[in-house]
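Worksheet: the structure to be examined is printed underneath.
Hydrogens, waters and symmetry mates are skipped; everything else that's a heavy atom, side chains included, is used. Please read all numbers here as calculations on a predicted model, not as lab measurements. Numbers restart at 1 for each chain; the letters A, B, ... are given by sequence-line order, proteins then strands.
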Amino acid sequence: MNSEVPLANPLLSHWALQTIGKSDLELAHQILHQRLASQTVGNQITFNFQNHVGADRLLERVLLAYELIAIESLGEFIQAEGGQEDTRDNVLFAASHAFEIRRLQEVPDQDLARILHILQLSTLAYCGDRWSDLRRWYQEHKIALRVPSSADAPWDRRLRYRLFDCWVRLFRKDGWDDLDRIRDTIAGLRSDQQRMEAPSFENGDQASNRALAFRLTALYHWAKATEIVALYMLDGRPADSLELLDKHFESSIQAASNALDPQMEVIPRWLHASSQMMVTNSLWWATRTVNSKTSEFVRELTHRENHAMFELLPPQRAALLEQGLLDQAKTAIVIDLPTSGGKTLLAQFRILQAINQFSADQAWVAYVAPTRALCAQVTRRLRQDFSPINLRVEQLTGAVEVDAFEEALLSDTERSFDVLISTPEKLSLVIRNGLVSRPLALVVMDEAHNLADATRGLRIEFLLATFKQDCPKVAFLLLMPYVDDSESVARWLARDASAGQSISLSTTPWKPNERIIGLFRAVADESERAGWHLAYETLTTTPKTMPLKGTHRVGEVKPLNVPRSQVVSKDGQKGVGLQTAAISSVMSSRGTSIAVANNIGTVWKMARKAAEVSPITQSAPDDVRLVQDFLRSEIDPNFELVEMLEKGVGVHHAGLSDDVRSLMEWLAESGQLRVMCATSTIAQGLNFPVSSIFLASRFVPHKAHSVAMSPREFWNLAGRAGRIGHDSVGVVGLAEGTDRESAIEFVSKSTGTLVSRLVTLLDDLATTGELADLSGILWQDQWDDFRCYIAHLSAEKKDLDTVLSNSEQLLRNTYGYTTLRNDPSTRQKADALLDATRNYARKLANMPPGTAELADATGFSPETVQKAIFAMRNLEDRLTTSDWMPESLFADAGKMAGLYGIMLNLPQLQDQLKAIGGNGFDHTRLSNITRDWVNGKPISDITKEYFVKEGDVGGTNALTDTCKAIYRAIVNNGTWGVAALRQLSGIDVDSLSETERRRMRILPAMIYHGVNSEEAVLMRMNAVPRTAAELLGSMYCEVADHDANKPSVTHARDFLKSLTSADWDRARPADSHLSGSGYQTVWQVLSGET
Amino acid sequence: MSVAEGNRVYSNASVHHSAFEIVWTNKDLDAALSGLLGDVLSDPNRIDDIESTLDGLAETEFEATGVRRILASREELTNWRVGEMLSLVYLQEHQRCLFPWPTGRDNRKAGSSLPGADLAGFTGDEAGYCFAFGETKTSSERRYPPRVMHGDDGRISQLKALRDDQSIRDKLVRYLLFKSASSPWMKQYQSAAKRYISDPTDISIYGLLIRDVESNSKDLHGLGRKFIQTATTRTRLKLIAIYLPTDSLSSVKTRVISRSANNEF
C-alpha cells in the first residue's frame, strides 16, 4: 500500500476525506513518513524534519476519517465475501492507511487499553492487507504483547485475556506449535467454564447478571470462531469454515448488542473481517482445488520448524486466486515481482502443478538462472523444500560441456530428477543435443529480464526460441522484476495470444516495505582535525520511494579512519569508495549493508576500511568461524578475508570461487555479516534482501570501458533493500560523486518495457546506416548466439531448402523478430533479419558437412568450429588418442599448452583467457596453472608460483588474480575449450574401450572441478570442498566397488548423506584448518542437504 | 405528541449551555406510559432475541445451561432504565434528537469498558445535524442536589469527561457508525461526522436528571460555574431535570409489567 502520493488515493472523493481537505491530508502523510523514517532509521540518520505544530491532532483527525471510511463499508465487506469491488477497495485502502497511523502510536500501559489497541491495530492490518507489516510490528513490540495474568480475574475477563492470547498467536503465526496451542487454550476454557461460570453470577443483581449472561454468550461464540480460524490455519479444514465463522461472529455481535456492550460488539466485527482475510490468504485456501502433490507441499510448509509459512502475500494471492497462475490453459506466464514479493513460492506451485499434470509421462521441469551462484541458491532452496515431498532436484554444473555423469543423469529413463537447474548456456547444450528423452513440461526462467542484457540477452532469447521450436508442448514461467508491458512477452511465448498471462505487482498496491533513496556525500566537519561527516540527501523524484525532502547527517564525525582530504576537497567529492564503505558501516547497526563498487580493487579497499571501524569485539559466531576455517583450508591461511570476517565484513566478487561466494551469501542471508562489499554482479546472485544498499558509482565495466547501469539493473539492486520480515524501511544510496545532476537523473529513470537484445542490436545498426549490410556484420562477436541458433536449425532440418522456406516461422520463435514484425514502423528491420538469416543458412550449407552439428555439440559458432579444426590440424605437435587421456594431458610433458595456444585465438574464448592479466602471459603458463590446479595444488601455492607481484602487501591482489584466473578463465573457458577441441580433434571415440572413453570424457570436468579422478569429480559435483574431494573420492570408490550400482551423481550424494563426522575426519587433509564436522557442515550448506 | 413537554419551572441559559427544569403531572406521565415510552419499556422484541441467542450457543461446545437459566427469567425493570428511556424519548420529541441506540451502561460491577454516554445519536440544528451524547441519572433521594450529581462517578464528572476527553467521543463516534451504516439515518450520521471531523467540539451534550420528588432549583443551581469552558470549544451543553409526580417511579414499573402481560395475549 503506498502512502506515497495521496493524489493517487482513490478515497479522495469520500466525504470523510473531503472534510479533511487535500492539503491537510498531504501534510498528514508527510508527517507519517517522517515519523516512520525517524523511528526506523533515526539512530543512524539524524533527520532534521521541520516540526509541525498540532501534528498529533491532525493525525488523530485523519485516523478517525480513515477508520470511519473502513467501518462504513465493513458490513458489506464481510457479507458477500467482499461485496463489490468499490466496497472492498474502500476498506482495504482505508484500513491500510489507518494502520500506518496507529502503528506509530504508543501502546497504552493499562492492560485492557493495551489489548484493545493491539487488537485494533492487528485487525486494521489484516483488513488493509498489511499482515507482513504487522508481523514486523509484533517483532519489535514483544513486551507489549504479553498476555495479562488471568489468575484472579472474574470469568468473563479471563475469557477475554485468553482469547487475546489466542489472537496474538493467530496474528503472529510463529510456527506450527504457536498456533496449535490455541486448541489447548480453548479446550481449557471449556473446562474452566464448569467451575468458574456459576460463581460469576452469585453477587449480581438481575440486571447485571443478564448483561453478564449476554456477554458470556458473546465470548463463547467468539471463542468458537477463534478455534475455527486456528484449525483452518493448521489443517485447511473444514471446507466451510467461512460460513461457520459468519455464524459465530454474527451471534457474538448480536449477543454483545443485547448486553449493551459496545466494546464487545466492535472488536468481533473487525475480527470477523480479519478472519475472512486470514482464511482466504492462507495457503490452504489458495490451493484447495489443486492436486495432491501441492497439498502435500502446503502441509510441509505449515509444519516445518524453520520459517513455517501459512499465508500468502497480496501479490501471491492475486497471482494464485485472481490471475490464473495455476490455470492449465495458460501456457506462458510472466511474473513481474521483485525480491521479497515471494516469487519463489509461486514458481514452486507452478512447478508442482506441471509435474502433477504430466506425472504419467515422467515429465521434468527446467529451471534456468543466469549465474552459477543463483543456480546454487535456487538448488539449495528447492532441495530443502521439495525433498520432504519426494521430488528430486538436481543441478547441472556451469561447465559448457556435458560430462559423462551428467549425461547419464539426463538420459536416465527412471525419474532421476524432477527439476533440473541450470545456466542458459548449459541448458542450451542439453536441449540442442536432445540429451533428455523425457518430455519437458515447464521451463522456469529466473531473472528473465536478462533478455535485454548486452552480454547474455541473445543467448537467452535464442534458448527460449529453441524451446519453442524443439519442445512444442512446453509451458513457460518467466520471473522478472520491473518490466512494463510484460504482456507482450507473455503473448510471444504462449501458443496463442489468449494463453499468455502476465502477473504484475502493480495490480496490487502492496509493497514489501517502504524505501528511501538518496545521494550521499562527504561534508567538511570542523569539530575535529581533518574532520568530515556524511550527508544523505533524500530524493523525491523517484517513484516507489518515500517522499521525504531534505539533507540529513549520517553517523558521527569521521566514520572511517581517513582524513578529510581523501573524501572531499575544495574541488569536490572524491574517494567515493571510501564514502560508500563509511555509510555502509554506519547503517549496518540496523542490519546488513551492501557496499557496491565497480571494480574488485575498490571492493577490497572498502572492506579493509569497514573492518577497521567495525564495533565488533567479541569473537565470531560459529557459522562465521566455519567459513574462516574453510577459507584457510581452501584458499590461504593468511587470506585477508579471514580477518575481515572476524569483524563482520564480507566480500563478494568475481575474484572468488563459487563456493566462497555461496558462503558469503549464506552468512549475509542469516544476518551474520554487518557489511558486505561487492561488485555489481551481486545483483544477479542476491536472491534475498538486506537492510541497506549503497553504490559508489552508477557505472559498471563493460568490455574495455564503463557504461551506466541500466535503470532495471539499478532497481533490481535497489529492490533488495529492506527485509520484509525486519525492516519497515529499506535504505538505498548512491554516491553523489562529481556529477550531481546526472546522478539525480539516473535515479529518476523508470525501468520501462523489456527490449529484446536482438532489437537493440538492429536499432543500433539502423542508426549507423549499416542495416542493409547485416549479413556482412554477422561475423562479429555480438552475433555469436544468432549464428549458433541458425546453425542449430540447420543441423535439425538437415536440408537447406527446408530451412529457407521455414526461416520466417523459425525466426518468429524469437521475441525480437516477433516484436519487429508486428510493428509496421520496424518491418524493415525484420526483413533485414530475415534476409540475413537466409544468407547465413546458405553460407552454412557451403561449409564442410557436419559443421552445424559440431556447432551444436560444442556450443561454438560454426566459424569458431572451422577455425578450431584448422588450428588443430596445423598443430606442430598434433595430439593422438593417448595424448587426450588425463594422465597424459595433465602430466608435465602434456600437450595442453598447444590446446591453450589454439584457444587464445578462438573468438569465443580468447577475451576471457587474455583477461587473466600479468606479464608475458601465454599458453604455456595457462597450461601449467591448469595442470597444477587439476593435480590438486593448493591455491596458496599456485598464487606463490604464478601471481605474486612486487609491493603486493598481504598478497590479496595476487590471490584475487589467481582466483580470477582459475574460476573465471580456466574453469569456464579452459573447460569449454578443451571439451570442444576434443570433439573437434577427429578422435574416433567408438574405437576406444569403455574405460578409455570414460576417462577421456571426464577430462574437462577435471579442469572444471580441479581434481584428477572420476570419483573426485563426483564429489565436487555434489558440492564437496576441493581439499576433501580426492580423499572422499577414494572412500567412495571403495564403497562403489562393493555396490552393484554404477557411480553416479545421485549415488554419490546418497553416499555423502550417509557419512558421519568421523568419516569426514578421515577424508580431510591432515593439515587442514577445517575439522571433519566442519567439512560436513560446509558441505550441507553448499548442497542444501540440511 | 406522546411525551409531554411539561412545565418549565427554572431556566438559565448562556452561550454554550443551558439548564432547565421540567415538571410532569400525573396526566403527563399516564399519557407517556400509554404511548411511546410504554412501548419502549415493554419492548417485546427483546424476548425473541433471547431465544435465538440460546439456540446457537450449543454449537460453541460451551455449556449453555447457566446462561439459559439467567436469561429465562423475565427482566426486571429498574429505575435507571426507566429514567434512561424517558430521557431518550423526551429528547427525541423535544430537542430534535435521534438516538439509534441506547448504549453501554455504566455498570461498575461488570467492568464496562466504554465509559461515557448512556445515549449516543444526533441533534438537528440550524447547521444540519451534529452528534448528541446524553447522560442520565435517576434519583428518588430527598436531597437537593442528590448524591448522584457529584463524586467521581457523578453526573458532573461524566459530563465533563464527555466534553473534554476527545478519545471517549471518538470511540462513541466509531461505534455509532457501526449502527448507522446502511441504515435510514446514515444521512444524519454523515452530516454530524463531517462537522465532527472538522471540529471535534462541535457536538451537543445532554445531562438529564430524572426525579420523582418535588422540584427544586438547588438541583441545577450553580452548575454553570462548574462547566465553564474555553472560548474555542463549541460544545453545547444542556442540563435538564425532569420531575415526575412524587414517588411515581415504583408505580411505573408495575404499570409497564402489566402492560407487557396484556400484550402477550
Using heavy-atom distances under 4.5 Å, tell me whether [X] contacts chain B through its side chain, its backbone, both, or neither.
{"X": "A:Gln18", "value": "neither"}
{"X": "A:Leu74", "value": "side chain"}
{"X": "A:Ala198", "value": "neither"}
{"X": "A:Ser251", "value": "neither"}
{"X": "A:Arg157", "value": "neither"}

Can you tell me if A:Asp152 has over 12 outside heavy atoms packed within less than 6.0 Å of its CG?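 Counting other residues, nucleotides and ligands, CG of A:Asp152 stays at 12 neighbours or fewer.
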Where along residues 187-197 of chain A does a heavy atom come under 4.5 Å of chain B, listed by residue number?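 Result: A:Leu189, A:Arg190, A:Gln193, A:Glu197.
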With no hydrogens and no angle check, is any side-chain donor or acceptor of A:Ser252 less than 3.5 Å from a backbone partner on A:His248?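 Checking the backbone N and O of A:His248 against the side chain of A:Ser252, no donor-acceptor pair under 3.5 Å is found.
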Distance-only, no hydrogens or angles: does the A:Arg215 side chain make a donor-acceptor pair with backbone N or O of A:Asp156 under 3.5 Å?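 No.
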List in chain and number order the residues that pass ring pair (Phe, Tyr, Trp, His ring centres under 6.0 Å) with B:Tyr129, two or more places apart in sequence or in another chain; answer none if no residue qualifies.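 Listed in chain order: nothing, the list is empty.
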Over all heavy atoms of both residues, which pair between A:Ser275 and A:Trp167 is shortest? Give the atoms and the distance, please.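 That would be OG-CH2, 3.3 Å.
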Quick one: closest heavy-atom pair of B:Ala132 and B:Thr123, and the distance?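 Scanning both residues, the minimum pair turns out to be CB-OG1, 3.0 Å.
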Chain A contact via B:Gln166 - which portion, at a heavy-atom distance below 4.5 Å: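 Interface part for B:Gln166: side chain.
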Proximity breakdown for B:Ser198 and chain A, heavy-atom pairs closer than 4.5 Å: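 Its backbone and side chain both get close to chain A.
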I want to know whether B:Phe131 and B:Tyr189 have ring centres closer than 6.0 Å.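 Yes, they do, as the ring centres are separated by less than 6.0 Å.
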